[in-house]
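Worksheet: the structure to be examined is printed underneath.
Note that the structure is a prediction, hence the values are computed from the model and not measured.
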Amino acid sequence: MSTENSLKMPNKEFFVKNKIKNVDFLRINSQGYCLQILHSLGSKVKNVKEFAIKVSVTKEDLYENQSNRKDDIINYLKNHKINLGLMVF
């Protein structure tokens with residue numbers, strides 16, 4: 001299996017099916033669905049060593065059913081004891 005994979009929606013079942021225990025780096029650029037992707041990882045979110053998450057901060061939602069609110073994403077990561085490194089807004 002390649003060390004680089006691009007997924008439409010990573011989820012905990014993908015990790016189990018492919019016997020992936022740890023992920024060194026996961027980049028998320030999902031046009032408004034970052035929080036759903038993080039939720040889809042379930043407990044496997046703790047198996048990711050480093051994230052790069054692109055979040056566009058705007059006054060109004062750009063996408064239907066958007067979950068890209070910066071504070072929601074930061075709180076989710078903090079609640080799962082994920083260290084927050086460099087953040088640019």
Side-chain angles (χ1 to χ4, degrees):
M1 179 175 197
S2 170
T3 57
E4 289 187 30
N5 286 298
S6 182
L7 304 172
K8 289 185 179 182
M9 176 68 89
N11 58 46
K12 59 188 173 194
E13 287 81 20
F14 177 85
F15 284 72
V16 172
K17 179 182 174 185
N18 291 288
K19 299 178 183 173
I20 298 171
K21 293 183 180 173
N22 295 301
V23 174
D24 292 327
F25 183 80
L26 179 62
R27 181 177 68 116
I28 301 174
N29 182 1
S30 61
Q31 306 300 343
Y33 295 94
C34 178
L35 201 53
Q36 281 107 322
I37 291 172
L38 290 171
H39 282 288
S40 78
L41 294 172
S43 63
K44 297 295 183 184
V45 73
K46 294 180 181 180
N47 296 67
V48 179
K49 292 180 184 175
E50 184 176 348
F51 288 93
I53 301 172
K54 182 178 179 183
V55 179
S56 298
V57 180
T58 60
K59 290 182 181 181
E60 299 177 14
D61 290 349
L62 298 176
Y63 310 100
E64 189 174 325
N65 301 317
Q66 180 173 344
S67 69
N68 234 23
R69 290 180 181 82
K70 172 188 63 137
D71 292 337
D72 294 339
I73 294 166
I74 289 171
N75 288 333
Y76 181 85
L77 294 172
K78 283 183 178 179
N79 288 338
H80 285 85
K81 312 252 186 288
I82 308 276
N83 288 334
L84 300 176
L86 176 65
M87 295 185 292
V88 179
F89 303 107

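D24 meets the salt bridge (Lys or Arg N to Asp or Glu O under 4.0 Å) test with K49; sequence neighbours excluded. Here K46 pairs with H80 under the side-chain contact (heavy atoms from CB on, under 4.5 Å) rule; sequence neighbours left out.
Interatomic distance, CD1 of I82 versus CZ of F51, reported as 5.0 Å (0.5 Å rounding). Here the CD1 atom belonging to I73 is positioned 9.5 Å from the CD1 atom belonging to I37, to the nearest 0.5 angstrom. Interatomic distance, K78 NZ to D71 CG, rounded to the nearest 0.5 Å: 9.0 Å. To the nearest 0.5 Å, the span separating CG on L41 from CD on E13 amounts to 10.0 Å. Rounded to the nearest 0.5 Å, atoms CG (D72) and CG (L77) are 11.0 Å apart.
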Q: Check the pair H39, Y76 against side chain to side chain contact (heavy atoms under 4.5 Å, CB included), reporting the backbone distance first and the verdict last.
A: CA-CA 9 Å; H39 282 288; Y76 181 85; 3.5 Å; yes
Q: Determine, stepwise, if the pair K44 / I20 fulfils side chain to side chain contact (heavy atoms under 4.5 Å, CB included).
A: CA-CA 10 Å; K44 297 295 183 184; I20 298 171; over 6 Å; no
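Sorted by first and then second residue, the salt bridge (charged side-chain N to carboxylate O under 4.0 Å, His left out) pairs involving residues 29-43 (not counting sequence neighbours) form an empty list.
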